[in-house]
K.L.:
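Below you will find the structure I want to go over with you.
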Amino acid sequence: MDLALLRTFVTVHRAGSFTRAAALLGLSQPAVTSQIRTLERQLGRPLFLRKARGVTPTSVGDELAHRAAPHLDALVEIAEGGLEVEAPLRTLHLAGPPEFMAERVLPALVGMTGAEGPAVRLRTSFGSTDDVLEGLAAGHHDLAVATRRPRGTLLSAGTLCDEEHLLVAGARWAGRFAPGAVRRGGAEALAKVPVVDVHESLPFARRYWTTVFDAPPPEHATLVAPDLRAVLSCVVSGAGLAVLPRYLCEDALLRGELVTLLEPPVPPLRTYFVAVRAGTQALPHIATAHEWLLRAAVAWG
């Protein structure tokens, strides 16, 4: 059986689409379709059920993928790693939310570039979870950090860490509240304080108000800045209150530039996941980055 046909089959099985598999393989869609038909003729059994959008594997297709994929991944690892004493220089393409990538992910991986010269080149893209997962599936990234677990079999993901969210304000605004006022008054106590968030939909404030106060979020933000680091700077400068990740505002809290307005018994959390395309974790540079991030995340928690 032709290994090229098996490689195409496994890619289609993971992608759930001839179109997406073709993009990952660098082939035309008709070429992918032809290879799958050839393999189906050789086996005498259908491997996929064609649907309006994508394909679904048959039981025979699932069984073949289960048996063939691990061996193909091992062959890819050998081919990519080669037999040289000195491994070739690789480029690792990363993607994720800008603040978390800048403050957590990149500092954790900078050691991969090597003390005596680069062992791996790092290239970074910023974007929303939908954008980075779509880019990962399309082959534009090798590894992505996301705030939700991807669906399907093309991408695999593991939990990286939980991020605690705090309700904070600059010292000027915080000084207007008597001790315990927010705990006693809840959302109503904050009604006249300007809100700063990253989007008009107030994603951070909305989640905090719903989870902690069990109340509707503020109707609008006074200031919107599409980067949490900009939100932090604005709140420190006296723009109002915001909901921010603890890791991002901890230094400002220690310096007294920010004050936590409430310490709920169970603070809101956001979970980060680290995702790769199925099979690519066998490649040494991706496996190493994955391992380094998981190890670093222990300290982040």
Side-chain angles (χ1 to χ4, degrees), residues 11-26 29 51-56 91-106 108-109 122-165 196-211 217 220-221 224-232 242-245 247-248 268-281 286 289-290 293-294 297 300:
T11 304
V12 172
H13 185 273
R14 287 170 169 167
S17 160
F18 284 177
T19 302
R20 181 168 284 176
L24 292 171
L25 292 167
Q29 183 175 335
K51 295 190 173 183
R53 304 183 71 176
V55 294
T56 301
T91 300
L92 180 69
H93 295 272
L94 312 167
E99 307 89 353
F100 193 78
M101 295 292 286
E103 300 292 328
R104 292 299 203 201
V105 174
L106 289 175
L109 297 181
L122 298 180
R123 298 293 183 267
T124 308
S125 299
F126 297 150
S128 67
T129 283
D130 287 343
D131 290 341
V132 301
L133 290 180
E134 183 178 338
L136 179 64
H140 302 314
H141 317 308
D142 299 313
L143 182 150
V145 175
T147 55
R148 64 173 172 82
R149 192 184 295 275
R151 298 177 179 176
T153 58
L154 176 61
L155 305 181
S156 61
T159 301
L160 186 59
C161 66
D162 288 327
E163 172 187 271
E164 181 184 353
H165 287 180
V196 185
D197 213 316
V198 295
H199 190 269
E200 295 290 353
S201 64
L202 280 68
F204 284 82
R206 178 178 300 276
R207 188 158 184 244
Y208 195 97
W209 259 245
T210 302
T211 304
H220 57 80
V224 171
D227 188 298
L228 286 173
R229 291 163 296 187
V231 171
L232 171 63
V243 176
L244 290 170
Y247 79 86
L248 192 63
L269 300 175
R270 180 166 68 168
T271 301
Y272 283 97
F273 301 91
V274 55
V276 297
R277 285 189 307 283
T280 61
Q281 200 171 333
I286 298 178
H290 192 273
L293 283 180
L294 292 179
W300 300 340

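Just the heavy atoms: all of them, side chains too, but no hydrogens, waters or symmetry mates, feed the values below.
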K.L.:
Indicate the atoms forming the closest heavy-atom contact of His290 with Val276, along with that distance.
P.N.:
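So the two residues come closest at CD2-CG1, 4.4 Å.
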K.L.:
By ring-ring contact (aromatic ring centres under 6.0 Å, His included), which residues pair with Phe18, not counting sequence neighbours?
P.N.:
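Residues passing ring-ring contact (aromatic ring centres under 6.0 Å, His included) with Phe18: none at all.
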K.L.:
Have Tyr272 and Glu163 got a donor and an acceptor in their side chains that come within less than 3.5 Å?
P.N.:
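Glu163 and Tyr272 do have a side-chain donor-acceptor pair below 3.5 Å.
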K.L.:
Testing the basics here: between Pro203 and Val198, what is the closest heavy-atom pair and its distance to 0.1 Å?
P.N.:
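It is CG-CG2, 3.7 Å.
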K.L.:
What residues, two or more places apart in sequence or in another chain, satisfy side-chain hydrogen bond (donor to acceptor under 3.5 Å, both in side chains) together with Glu99?
P.N.:
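For Glu99 there are no side-chain hydrogen bond (donor to acceptor under 3.5 Å, both in side chains) partners, ignoring immediate neighbours.
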K.L.:
Which atom pair, heavy atoms only, marks the closest approach of Leu143 to Ile286?
P.N.:
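Closest heavy-atom pair between Leu143 and Ile286: CD1-O, 4.4 Å.
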K.L.:
Nearest 0.5 Å please: distance from the CG atom of Leu92 over to the NE2 atom of His141.
P.N.:
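It comes to 11.5 Å.
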K.L.:
Looking at every non-hydrogen atom in both residues, tell me the closest pair between Arg277 and Asp142 and how far apart they are.
P.N.:
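Reported closest heavy-atom pair: NH2-OD1, 4.3 Å.
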K.L.:
Hey, could you give me the CZ/OG1 distance between Arg149 and Thr271, rounded to the nearest 0.5 Å?
P.N.:
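So the CZ of Arg149 and the OG1 of Thr271 are separated by 9.0 Å.
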K.L.:
For Ser125, which residues count as a side-chain hydrogen bond (donor to acceptor under 3.5 Å, both in side chains) partner, sequence neighbours excluded?
P.N.:
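Listed in chain order: nothing, the list is empty.
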K.L.:
Taking atom CG of Leu244 and atom CG of Asp197, what is their separation to the nearest 0.5 Å?
P.N.:
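One gets 8.5 Å once the value is rounded to the nearest 0.5 Å.
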K.L.:
I'd like to check the side chain to side chain contact (heavy atoms under 4.5 Å, CB included) partners of Val224; sequence neighbours left out, ordered by chain and number.
P.N.:
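So Val224 forms a side chain to side chain contact (heavy atoms under 4.5 Å, CB included) with Glu200, Ala221.
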K.L.:
Run the side chain to side chain contact (heavy atoms under 4.5 Å, CB included) test on Phe273 and Val145 for me, step by step, so that the C-alpha distance in whole Å, both residues' side-chain angles and the decisive distance to 0.1 Å come before the verdict.
P.N.:
CA-CA 6 Å; Phe273 301 91; Val145 175; over 6 Å; no
K.L.:
Only counting residues at least two apart or in another chain, list the ones meeting salt bridge (charged side-chain N to carboxylate O under 4.0 Å, His left out) with Arg229.
P.N.:
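For Arg229 the salt bridge (charged side-chain N to carboxylate O under 4.0 Å, His left out) partners, ignoring immediate neighbours, are Asp227.
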K.L.:
Donor-acceptor pairs are to be reported for all side-chain atoms of residues 150-158 against protein atoms at under 3.5 Å, with residues two or more places apart or in another chain.
P.N.:
unit_1 : atom_1 : unit_2 : atom_2 : d
Thr153 : OG1    : His13  : O      : 3.3
Thr153 : OG1    : Arg14  : O      : 3.4

K.L.:
Taking only residues two or more places apart in sequence or in another chain, which ones pass side-chain hydrogen bond (donor to acceptor under 3.5 Å, both in side chains) with Ser201?
P.N.:
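Applying side-chain hydrogen bond (donor to acceptor under 3.5 Å, both in side chains) to Ser201 gives His199.
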K.L.:
Please identify each residue that fulfils side chain to side chain contact (heavy atoms under 4.5 Å, CB included) with Glu164, with sequence neighbours left out.
P.N.:
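Here the qualifying residues are Leu166, Arg246, Pro267, Leu269.
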K.L.:
Under the 3.5 angstrom rule, does the side chain of Ser17 hit a backbone N or O of Thr19 as a donor-acceptor pair?
P.N.:
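It does hold such a pair.
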K.L.:
May I ask you to decide if Leu94's main-chain N or O and Thr124's side chain share a donor-acceptor pair within less than 3.5 Å?
P.N.:
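No.
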K.L.:
Give me each pair satisfying salt bridge (charged side-chain N to carboxylate O under 4.0 Å, His left out) with a member in residues 129-140, each pair once, sequence neighbours excluded.
P.N.:
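Salt bridge (charged side-chain N to carboxylate O under 4.0 Å, His left out) check on residues 129-140 returns Asp130-Arg148.
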K.L.:
Under 6.0 Å between ring centres, would you say that holds for Phe100 and Trp300?
P.N.:
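That pair passes the under 6.0 Å test.
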K.L.:
Assess the residue pair Leu232 and Leu228 against the criterion (side chain to side chain contact (heavy atoms under 4.5 Å, CB included)); give the C-alpha distance rounded to whole Å, side-chain angles, the decisive distance to 0.1 Å, and a yes or no.
P.N.:
CA-CA 6 Å; Leu232 171 63; Leu228 286 173; over 6 Å; no
K.L.:
Considering residues at least two apart in sequence or located in another chain, which fulfil the side-chain hydrogen bond (donor to acceptor under 3.5 Å, both in side chains) criterion with Thr210?
P.N.:
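By the side-chain hydrogen bond (donor to acceptor under 3.5 Å, both in side chains) rule, Thr210 matches no residue at all.
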K.L.:
List for me each residue that meets side chain to side chain contact (heavy atoms under 4.5 Å, CB included) alongside Ala144, sequence neighbours excluded, and say none if there are none.
P.N.:
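Side chain to side chain contact (heavy atoms under 4.5 Å, CB included) check on Ala144 returns Val132, Leu136.
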K.L.:
Minimum heavy-atom separation for Ala297 and Cys161, please, with both atom names.
P.N.:
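Heavy atoms of Ala297 and Cys161 come nearest at CB-CB, 4.3 Å.
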K.L.:
Name all residues meeting the side chain to side chain contact (heavy atoms under 4.5 Å, CB included) criterion together with Arg207; count only those two or more places apart in sequence or in a different chain, and write none if there are none.
P.N.:
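By the side chain to side chain contact (heavy atoms under 4.5 Å, CB included) rule, Arg207 matches His165, Thr211, Arg270.
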